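First up is the structure itself, then whatever we jot down about it.
Chain identifiers are assigned alphabetically (A, B, ...) following the order of the sequence lines, protein sequences preceding nucleic acid strands; residue numbering begins at 1 within each chain. All values derive from a computational prediction rather than experimental measurement.
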Protein chains: 2
Amino acid sequence: MKRAQFDLATFFPYRLAVLSERTSKCLSDVYRARFGLSMPEWRVIVHLARCQPVSVREIHNCVNMEKPKVSRAVARLETTGLVRKDADSEDQRLVRISLTQRGETVLDELIPLVRAFEARILGDLEPGELDRFLATMERIRAALDRESADTAASGAGEEVA
Amino acid sequence: MKRAQFDLATFFPYRLAVLSERTSKCLSDVYRARFGLSMPEWRVIVHLARCQPVSVREIHNCVNMEKPKVSRAVARLETTGLVRKDADSEDQRLVRISLTQRGETVLDELIPLVRAFEARILGDLEPGELDRFLATMERIRAALDRESADTAASGAGEEVA
DNA sequence: ACGTTATCGTTGCAAACGCAACGAAGTCAA
DNA sequence: TTGACTTCGTTGCGTTTGCAACGATAACGT
């Protein structure tokens, strides 16, 4: 019997990964070229644009990054002076992370650049095309949720015993 | 003036990256659980399902991975006995990478699992929805090509001098 | 033929990563 | 109060990554 054939180029997860990596790479050129930010740093600092002050844990939950990744990104941002870390007076375990003046200035300059990048990437789409794309993304995400639930359930059998 | 606001959760490159990482993670569970393959190893071995024998350079061009990554993945696959490396008799620089018998057996078992995974992920989509999604992906890819061309052109000014 | 240049695959190295474990701080029950 | 348990952010550690450089081979120009 002939060996199974497979075309990676038409394999959906691969195509998605390639497009995503390429998009992230181009985006990182925007915030790395002018501000020397890494991707984790970018995600942390941009989250601070939305809510502030915030703990490591909250960032971890909001920007899809592991806790140590967030912690180290914050540490770097602190040494570069874009972010400040204060102790929470009510719970000494928490760290209140907030933007410095310089951090706010950087964000004010960076955000329009990033918005412009997004606009360039999506500018050619027809009306409604982006919404349909996002809706499909959502459907795929739901399927992945079921997938994860299934593998978790099948693996949980041993733990019940 | 108020600080610029920004919502990472609705930022397209971020959403794309999150979905892609999640998809790749679930997929890797498939080939890692049963065969202990890493993502680079998976890409190499599945490319061999399509054309064989092949050089490191060709894999590098086809599966969107840097050359050293391919080289190391092939080295690991060789030690685990899924892949064989032979010298090219016509060009001593090239390496002819091909599947061993065991490699073919693994692929024959793995490919149906991976196809089933893809089907589960995309199974809920309506007729035509996937095609529209892929078409939009292609448009975004084209926009990224222009983006890269622009930055390359603007950076090339110094090199001409 | 011979020096130059290009291409092949590999390796070195510093940085980043994932994951587990840690100390510190808070919570809760007895 | 004390002791068990949880949650917080950080750190250690082995692995992986990206990038540049390397030796080896081939191709080219003169």
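The distance from atom NE2 of B:His60 to atom C1' of D:dC19 is 13 Å, rounded to the nearest whole Å. One atom, CD of A:Glu90, and another, P of C:dT27, lie 10 Å apart when rounded to the nearest Å. Straight-line distance from the CD atom of B:Glu66 to the P atom of C:dC8: 14 Å, rounded to whole Å. What separates CD1 of B:Ile97 from P of C:dC8 is a distance of 13 Å, to the nearest Å. Taking atom CD of B:Glu41 as the reference point, atom P of D:dT15 lies 14 Å away to the nearest angstrom. Rounded to whole angstrom, the span from the CZ atom of B:Arg96 across to the C1' atom of C:dC8 amounts to 16 Å. Rounded to an integer number of Å, the gap from A:Lys69 NZ to D:dT16 P is 16 Å. Remark: P of C:dA16 and CZ of A:Arg32 are 12 Å apart, rounded to the nearest angstrom.
Nearest-nucleotide positions on DNA chain D for B:Arg76 and A:Lys25 put B:Arg76 closer to the 5' end.
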Scan nucleotides 8-10 of chain D against the protein and return all N/O pairs shorter than 3.5 Å with their distances rounded to 0.1 Å.
residue : atom : partner : partner atom : Å
D:dC8   : OP2  : A:Arg57 : NE           : 3.1
D:dG9   : OP1  : A:Val56 : N            : 3.0
D:dG9   : OP2  : A:Arg57 : N            : 2.7
D:dG9   : N7   : A:Lys67 : NZ           : 3.3
D:dT10  : OP1  : A:Lys85 : NZ           : 2.4
D:dT10  : OP2  : A:Ser71 : OG           : 2.4
D:dT10  : O5'  : A:Ser71 : OG           : 3.3

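Taking each heavy atom of A:Arg96 and A:Asp88 in turn, the nearest pair found is CD-CA, 3.6 Å.
Using the six-membered ring where Trp is involved, A:Phe6 and B:Trp42 have ring planes that are perpendicular, over 60° apart on the 30 and 60° scheme.
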**Asked** Given B:Glu21 and B:Ser24, is the side chain to side chain donor-acceptor pair (under 3.5 Å) satisfied, shown in steps?
**Response** CA-CA 5 Å; B:Glu21 283 166 26; B:Ser24 293; over 6 Å; no
Go through the steps to decide whether A:Glu129 and B:Arg132 satisfy the test salt bridge (Lys or Arg N to Asp or Glu O under 4.0 Å), and finish with yes or no. CA-CA 9 Å; A:Glu129 185 173 0; B:Arg132 282 194 298 273; over 6 Å; no
B:Glu138 vs B:Arg141, salt bridge (Lys or Arg N to Asp or Glu O under 4.0 Å): CA-CA, chis, key distance, verdict
CA-CA 5 Å; B:Glu138 180 56 28; B:Arg141 197 193 58 75; 2.7 Å; yes
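Taking B:Pro112 as the reference, nothing meets the side-chain contact (heavy atoms from CB on, under 4.5 Å) condition, with sequence neighbours excluded.
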